[in-house]
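Heavy-atom basis, side chains included; hydrogens, waters and symmetry copies ignored.
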Amino acid sequence: MSIDAGNLLGWFDLAERDLPWRADGVTPWQILVSEFMLQQTPVARVLPIWSDWVVRWPTPSATAAATPAEVLRAWGKLGYPRRAKRLHECATVIARDFADVVPDDVEVLEQLPGIGSYTARAVACFAYRKPVPVVDTNVRRVVARAVQGRADAGTPSAKRDHADVAALLPDAARAARFSAALMELGATVCTARAPRCAACPLRSCAWRDRGFPPGSAAKRPAQRYAGTDRQVRGRLLDVLRDNAFPVTRAELDVAWPIDEVQRERALASLLDDGLVERLADDRFALPGQDRNDSTASR
DNA sequence: TACTCGTGGAA
DNA sequence: TTTCCAAGAGT
C-alpha cells in the first residue's frame, strides 16, 4: 500500500504547526541548529532555546567565535550536551572550509560533526527543498502502519528505510513538502502512544485495514535514568554550568556524594568528551571559560 | 547490531 | 510512583 500525496499534502496545508524554524527568512544554518536541538528532544523544549540561540549566533562563523563554555551554557538543560559540542565543531568546519555556507549535498553534510543520516537529509530537504527521503522515528512509524500494516517500525536500517520512503515520494516539486508532512503526521496524529486515528487524514491505511494488530511484545527493557552514569554526568555538568569560574573537586563531590567510583568515571568521560576541562591547579571548568576568579588573587 | 549519551512532561 | 518517550549520532 502507498500514501496518496495529494491527500497528505492537503491535510498538511491546513494542519501544519507554526514552528519558528519554518518561517520565511530562516537560514539553512538556523534550520540546521533546530535539527541538532530536535534530536531526541521534544519541540516544546527546543522552542525557547532555539529562539535565543539564532539571534545570538545567527551564522556558523558567529557560533564558531564563541567558546565551548558559552555554547554549553546556552544549551542549558536541553540534554545530550555532546550535541552542543558537536554543533560548535560543525560551525567551525562550515565557517573554515565552506565559506560560512551550509552545504546542500547529503553526502557532504553527513561528513560534518554531529550530522548523521537523518539530519543531513533534513537540512537538504527543509533548507534547500531537495527531494531526498527524510527518515526519522515519526516517518518510520507512519510507514510501518499506513504502508506496511504493522503497529511499530522494525529495527532501523538506513538503506531499507530510505528505500521505503523514496518509493513514496511524489514528483520532485512536491517531495520536500511531502516529507515534512509525513513527519508532521507522525508527530501530531500517528503518534507512538495513543495514535489519534479518528483524526487521521489518510484515506488508506494498511494497519487499519488489518484491524490494528498490536505490536510484538519484544520490547527492550525500559530505559532507566536514576542512578546511571548519565545522571551523574548531568549533575556534574550542572555544577559547572552554574559556576562562572572554575570549581574544585570538593564542589563536584557534593553533586554526587554517594559513589566516588561512579563520580570519577563520569568525570573522566566528560573530560574525554571535551565537555569539561581540567586546569593545572586541579580545578575544573567548561572548556574555554574564564579561568580567573575572586579567590585566586588573595 | 546494540549500546551509550540528558531531561522532563505526560499517562 | 513508575513508565514511556521525544525531528539521532557515534562507536
Side-chain angles (χ1 to χ4, degrees), chain A residues 16-17 19-22 30-50 72 75-87 89-90 109-127 133-142 152-162 165 176 179-188 190-196 215 218-241 255-256 262 265-266 268-270 272-276:
Chain A
E16 179 178 10
R17 287 172 294 175
L19 301 175
W21 42 85
R22 289 173 172 171
Q30 293 165 339
I31 290 173
L32 187 157
V33 170
S34 78
E35 294 301 340
F36 265 81
M37 293 181 175
L38 287 163
Q39 290 167 5
Q40 296 286 285
T41 306
V43 167
R45 203 175 309 162
V46 169
L47 288 171
I49 306 288
W50 182 85
L72 287 166
W75 193 263
K77 304 200 72 166
L78 209 47
Y80 293 138
R82 291 192 298 191
R83 289 182 296 166
K85 186 72 164 40
R86 288 173 183 148
L87 177 57
E89 293 164 3
C90 184
L109 285 163
E110 280 183 328
Q111 300 306 311
L112 298 172
I115 297 189
S117 178
Y118 163 76
T119 303
R121 287 171 174 75
V123 170
C125 179
F126 304 146
V134 180
V135 183
D136 75 330
T137 183
N138 290 308
V139 170
R140 284 168 27 76
R141 185 174 55 251
V142 171
D152 304 293
T155 307
S157 164
K159 192 162 185 163
R160 178 166 46 75
D161 293 341
H162 292 154
V165 175
S179 284
L182 211 49
M183 282 181 60
E184 190 84 341
L185 186 68
T188 63
C190 193
T191 53
R193 190 169 41 186
R196 302 164 50 230
K219 299 206 171 183
R220 60 172 188 245
Q223 70 176 86
R224 203 173 50 253
Y225 179 61
T228 61
D229 285 6
R230 294 158 88 159
Q231 184 182 26
V232 183
R233 284 167 55 105
R235 291 283 181 84
L236 295 176
L237 218 45
D238 217 16
V239 171
L240 294 168
R241 271 195 305 263
W256 194 258
Q262 187 179 31
R265 184 170 66 234
S269 72
L270 288 170
D272 192 54
D273 287 342
L275 294 172
V276 175

Can you tell whether the side chains of A/Arg235 and A/Asp238 come within less than 4.0 Å, N to carboxylate O? no

Distance from A/Thr41 atom OG1 to A/Tyr80 atom OH, nearest 0.5 Å? 8.0 Å

Can you check the A/Arg140 CZ to C/dC5 C1' distance for me, whole Å? 15 Å

A/Leu185 has an atom CG; how far is it from atom C1' of C/dA7, in whole Å? 14 Å

Would you classify A/Trp75 as touching base, sugar-phosphate or nothing, given that sugar-phosphate means primed atoms plus P, OP1 and OP2, and contacts are heavy atoms under 4.0 Å? nothing

Nearest-angstrom distance from the residue atom CG of A/Asp272 to P of C/dG10: 16 Å

Assert: residue with more 5' nearest nucleotide on DNA chain C, out of A/Met183 and A/Arg86, is A/Met183

Could you give all pairs that pass the salt bridge (Lys or Arg N to Asp or Glu O under 4.0 Å) test and reach residues 34-44 of chain A, with sequence neighbours left out? none

Using a 4.0 Å heavy-atom cut-off, does A/Ala122 contact any base of the nucleic acid, only the sugar-phosphate backbone, or nothing at all? nothing

Would you indicate what A/Ser117 reaches in the nucleic acid, counting non-hydrogen atoms under 4.0 angstrom: base, sugar-phosphate, or nothing? sugar-phosphate

Separation of A/Trp21 atom CH2 from C/dA7 atom P, in whole Å? 11 Å

Would you mind classifying the nucleic acid contact of A/Ala187 as base, sugar-phosphate or nothing, using non-hydrogen atoms under 4.0 angstrom? sugar-phosphate

Rounded off to whole Å, could you give me the CZ-to-P distance for the A/Arg224 and C/dT3 pair? 10 Å

How long is the line joining CZ of A/Phe36 and C1' of C/dA6, in whole Å? 18 Å

Contact class for A/Leu182 vs. all strands (heavy atom < 4.0 Å): base, sugar-phosphate, or nothing? nothing

Which part of the nucleic acid, if any, lies within reach of A/Arg17 when heavy atoms closer than 4.0 Å are counted: base, sugar-phosphate only, or nothing? base

To the nearest Å, how far apart are A/Leu109 CG and C/dG8 P? 17 Å

Along nucleotides 5-11 of chain B, 5' to 3', which nucleotides get a B, which get an S, and which get a -, given that the test is a protein heavy-atom distance under 4.0 Å? BBBB---

A/Arg141: what forms a side chain to side chain contact (heavy atoms under 4.5 Å, CB included) with it, not counting sequence neighbours? A/Thr137, A/Asn138, A/Arg145, A/Ala192

Sequence neighbours excluded, every pair satisfying salt bridge (Lys or Arg N to Asp or Glu O under 4.0 Å) that has a member inside residues 115-124 of chain A: A/Glu110-A/Arg121

Who passes side chain to side chain contact (heavy atoms under 4.5 Å, CB included) against A/Thr191, sequence neighbours left out? A/Pro195

Taking only the P atom of each, what is the distance from B/dG6 to C/dT11 in whole angstrom? 14 Å

Rounded to the nearest Å, what distance is computed from the CG atom of residue A/Leu19 to the P atom of nucleotide C/dA6? 16 Å

According to ring-ring contact (aromatic ring centres under 6.0 Å, His included), who are the partners of A/Trp256, at least two apart in sequence or on a separate chain? none

Using the P atom in both, what is the distance from B/dC3 to C/dA7, to the nearest Å? 23 Å

